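Take a look at the structure set out below.
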Amino acid sequence: MTTETLSPCPILIDNEWSEPQTAETASVFNPSTGEVIAHVPMCGADIVDAAVESCARAARDWAETPPIDRARVLFRYKMLLEEHFEEISRMITREHGKTITEARGDLRRGVEVVEYACGAPELLKGESLENIARGIDCVTYRQPVGICAGICPYNFPALVPMWMFPLALACGNTFILKPSEKVPLTGVRLIELLVQAGLPPGVLNVVHGGKECVDALLKHPKISAISFVGSSPVARYIFETGTHHNKRVQAAGGAKNFVFVLGDAEMDKAVPGMIDGAFGCAGQRCMAASTAVVVGDAQKKFLNPLAEAAQAIRVGATDRDPQALMGAVITREHRDRIVGIVEKGMQEGADLLVDGREVRVADAPDGFYLGPTIVDHVRDEMEICATETFGPVLNVMRFDNLHDALESANRQAFGNGACIFTTSGKAAREFAHNVKAGMVGINVGVPAPLAYFPFSGWDYSFFGDLHVQGHEGVQFYTRTKVVTSRWFQPGEGDIWHKD
Ligand code: NAD
């Protein structure tokens with residue numbers, strides 16, 4: 001029996017919200033209950049084209065708007081986000097399934113990007129040098145790239161869109177946002193507030209959909225830049241197709257992050273660090289701890305308390321149970337896929353230290369639940385070692401020494417995050433220097449950079465040059481113009497009329 005009310009899921013063009021009558025819609029679920037809470041329109045090329053034309057009409061005036069005036073819109077937006085903070089956090093919990101604490105973190109990290117983007121006049125300053133030759137000066141300006149599009153994953157319904165549009169707008173671009181079709185409601189609410197903050201019509205438009213919609217964005221000749229965050233196969237496709245169509249592209253992909261625990265680590269810090277890293281957001285984070293790399297003596301000291309802590313996690317319906325520490329995963333199909341990966345690992349010789357497959361939530365029998373699961377004795381050659389599970393599953397790999405452990409981790413294709421728990425500065429330094437990952441934590445379980453640093457994945461975790469956030473984000477959303485100037489005195493340099 002359905003008890004949830006259906007939420008509208010409109011598109012935005014020229015600051016007008018409407019629900020297009022598309023041939024297809026997709027269901028949006030509350031993962032905690034398994035109920036449908038909205039139908040999202042799957043837009044095609046016609047709607048993308050209308051959004052692009054709207055952006056094109058608004059582009060010149062927005063680009064000419066002084067950076068401080070663009071920042072003022074973002075200041076007002078920041079205030080509105082604070083006012084509606086709880087409401088949006090609850091919306092994230094409802095459509096994603098993460099706990100309210102995690103939802104608040106998702107939104108807070110996004111608000112921090114808005115705060116950073118409010119510094120537009122400072123961020124956009126160029127360089128200058130007098131007398132590059134006698135009487136000749138040189139300055140650089142950062143100009144907007146044009147119409148940008150953002151294509152988002154489901155796992156951070158607020159943060160990932162906010163990695164993109166606040167900075168793109170601060171830099172003077174117009175923007176088309178395509179939230180994930182699995183969690184579109186948060187994206188719509190974020191943009192309702194942006195319009196309320198005074199964003200002029202056409203500066204940001206919202207479309208919804210899947211591959212057809214994305215392809216229309218990737219191939220549209222008037223779009224100059226694409227920001228993408230999602231799984232690696234799609235990230236690679238976005239990068240190849242977007243660059244083929246002459247766009248600059250930043251495409252962040254998936255991950256398989258290794259968290260090392262050495263025998264000298266403070267276990268009372270390493271255990272909660274690993275538990276939060278592996279099971280926070282039910283493991284649906286690109287910076288999740290996917291593999292505990294347990295070295296030497298740590299095998300005796302770390303694994304029993306880890307298993308006990310995992311078993312103590314209360315799994316529940318996060319939209320109604322404030323005691324729940326972990327929620328459901330995004331869809332039933334995703335749950336089944338994760339279980340399939342775990343079972344393949346068992347066939348290949350891994351053991352279950354903690355088995356979450358039978359975890360059920362009594363008051364929400366149709367939710368998409370999977371309890372914390374720890375898979376021990378994982379080895380390099382197993383599929384579960386290299387595959388991103390993106391769920392509450394932690395692999396355990398055992399090694400005698402740091403050197404062998406590092407060699408194994410560095411053989412993996414992904415290169416997002418890597419962490420170490422140790423009290424040895426020497427080991428930490430060796431790890432940070434040699435590990436093949438773009439974001440490293442030392443006694444920090446989830447080393448996700450904040451708004452003022454780039455989110456710096458490597459290898460199969462990122463396609464492109466300039467990452468989201470921080471100065472790299474500013475560089476991505478601007479292009480540099482170098483102006484070289486010389487002003488003559490009357491008669492000076494007049495080579496044709498010299499006596
Ligand atoms: P996904 O790749 O399935 O979808 C991401 C976006 O791409 C969605 O908007 C979707 O509509 C679109 N899409 C899906 N298939 C497509 C196709 N064939 N062609 C064109 N567009 C397509 O990812 P997801 O399941 O929504 O999100 C989870 C993934 O995102 C994980 O792999 C996770 O690691 C990754 N992620 C990475 C980062 C990072 O910073 N590296 C951050 C968050 C999430």
Side-chain angles (χ1 to χ4, degrees), residues 24 26 28 31 40-44 48 95-96 98 106 109-110 113 149-164 176-184 186-187 206-219 226-242 249-257 280-290 329-331 333-335 337-338 341 387-391 413-417 437-439 446-449 453-464 466-470 472-473:
E24 280 180 48
V28 180
V40 55
M42 301 299 270
C43 300
V48 166
E95 69 173 347
H96 179 281
K98 60 178 75 176
D106 185 339
R109 298 286 87 77
V113 184
I151 301 158
C152 303
Y154 76 81
N155 66 320
F156 280 94
L159 172 59
V160 172
M162 292 166 95
W163 271 351
M164 301 173 180
I176 299 173
L177 178 67
K178 193 206 83 67
S180 164
E181 69 277 26
K182 294 179 186 140
V183 294
T186 304
V206 179
V207 298
H208 298 291
K211 182 170 170 49
E212 190 187 340
C213 181
V214 171
D215 282 345
L217 291 166
L218 290 176
K219 294 175 185 170
I226 301 279
S227 298
F228 172 86
V229 177
S231 58
S232 287
V234 183
R236 170 178 279 166
Y237 168 75
I238 300 282
F239 181 77
E240 289 174 354
T241 314
V249 179
Q250 51 179 193
K256 191 84 185 179
N257 305 309
C281 297
Q284 298 166 105
R285 290 193 285 207
C286 69
M287 291 296 281
S290 334
V329 298
I330 191 72
T331 57
E333 295 71 37
H334 188 50
R335 181 196 179 281
R337 175 187 166 272
I338 300 166
I341 296 170
T387 308
E388 182 181 42
T389 39
F390 218 57
F414 294 107
N416 226 34
M439 293 171 277
V446 183
F453 286 96
F455 205 90
S456 190
W458 285 6
D459 291 354
Y460 194 45
S461 294
F462 185 77
F463 301 85
L466 296 168
H467 297 86
V468 297
Q469 289 194 160
E472 289 196 31

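Atoms within a ligand are numbered from 1 in the order they appear, just like the ligands themselves. In this text, all values refer to a predicted model and were calculated from it rather than measured experimentally.
- Counting only distance, with no hydrogens or angles, the side chain of K256 and the backbone of T387 share a donor-acceptor pair below 3.5 Å.
- The contact set between ligand 1 and F228, taken as ligand atoms under 4.0 Å from a residue heavy atom, comprises 5 (C), 6 (C), 7 (O).
- Close N/O approach between C286 and ligand 1 is not found [any backbone or side-chain N/O within under 3.5 Å].
- Ligand 1 lies within reach of G253, whose nearest heavy atom is under 4.0 Å from it.
- G209 counts as a contact of ligand 1, since one of its heavy atoms falls under 4.0 Å from the ligand.
- The shortest N or O to N or O distance between Y154 and ligand 1 is below 3.5 Å.
- Residue-level proximity to ligand 1 for W163 is carried by the side chain, the only part with a heavy atom below 4.0 angstrom.
- Annotation: atom 19 (N) of ligand 1 to nearest protein heavy atom, K211 CG, 3.5 Å.
- A heavy-atom distance below 4.5 Å is not found between the side chains of E240 and F463.
- A donor-acceptor pair under 3.5 Å is absent between the side-chain atoms of T186 and the main chain of A158, judged by distance alone.
- Minimum heavy-atom separation, K98 to P157: NZ-CD, 4.1 Å.
- Inclusion of E388 in the set of residues having an N or O under 3.5 Å from an N or O of ligand 1 is warranted.
- The nearest pair of heavy atoms linking G254 to S461 is O-OG, 2.7 Å.
- For ligand 1 and A252, the ligand atoms under 4.0 Å from any heavy atom of the residue are 39 (C), 40 (O), 41 (N).
- If you look at F156 next to ligand 1, there are no close heavy atoms at all, none under 4.0 Å.
- Nearest protein heavy-atom neighbour of atom 11 (O) of ligand 1: E181 OE1, 2.7 Å.
- Heavy atoms only, all atoms of each residue included: N257 and G417 are closest at OD1-N, 2.8 Å.
- Close contacts of ligand 1 with C152, meaning ligand atoms under 4.0 Å from a residue heavy atom, involve 5 (C), 6 (C), 8 (C), 9 (O).
- Proximity of F455 to ligand 1, defined as any heavy-atom pair under 4.0 Å, is confined to the side chain (atoms from C-beta onward).
- Across all their heavy atoms, M164 and I151 have their closest contact at CE-O, 3.6 Å.
- For the ligand labelled ligand 1, residue F462 lies outside the 4.0 Å heavy-atom shell.
- In this structure, atom 27 (O) of ligand 1 lies nearest to the protein heavy atom P153 CB, 3.2 Å.
- Residue N155 places no N or O, backbone or side chain, under 3.5 Å from any N or O of ligand 1.
- Considering backbone and side-chain atoms alike, S231 places an N or O below 3.5 Å from some N or O of ligand 1.
- The heavy atom nearest to atom 21 (N) of ligand 1, out of those in N416, V214, L218, L159, is found in V214.
- Atom 4 (O) of ligand 1 is not flagged as protein-proximal [any protein heavy atom, distance under 4.0 Å].
- The N/O atoms of G230, backbone and side chain alike, include one that comes under 3.5 Å of an N/O atom in ligand 1.
- Contact record, N416 with C286: ND2-O, 3.1 Å, taken as the closest heavy-atom pair.
- Residue contacts with ligand 1 include F390, since one or more of its heavy atoms lies under 4.0 Å from the ligand.
- Residue Q250 forms a side-chain contact (heavy atoms from CB on, under 4.5 Å) with just one option from V229, V468, I226, and that option is V468.
- For G210, no nitrogen or oxygen atom sits less than 3.5 Å from a nitrogen or oxygen atom of ligand 1, counting backbone and side chain alike.
- In terms of heavy-atom proximity, A413 sits nearest to D459 at O-CB, 3.4 Å.
- Between F390 and Y154, the ring planes are perpendicular. Angles over 60° get that label, and only those under 30° would be called parallel.
- What sits closest to atom 15 (N) of ligand 1 on the protein, heavy atoms only, is V234 CG2, 3.7 Å.
- Taken to the nearest 0.5 Å, the NE2 atom of H467 stands 12.5 Å off from the OG atom of S227.
- Rounding to the nearest 0.5 angstrom, the gap separating the CE atom in M42 from the CD atom in E212 is 8.5 Å.
- Considering backbone and side-chain atoms together, K178 places an N or O closer than 3.5 Å to an N or O of ligand 1.
- Between S290 and E388, the side chains place no donor N or O within less than 3.5 Å of an acceptor N or O (distance only, hydrogens not considered).
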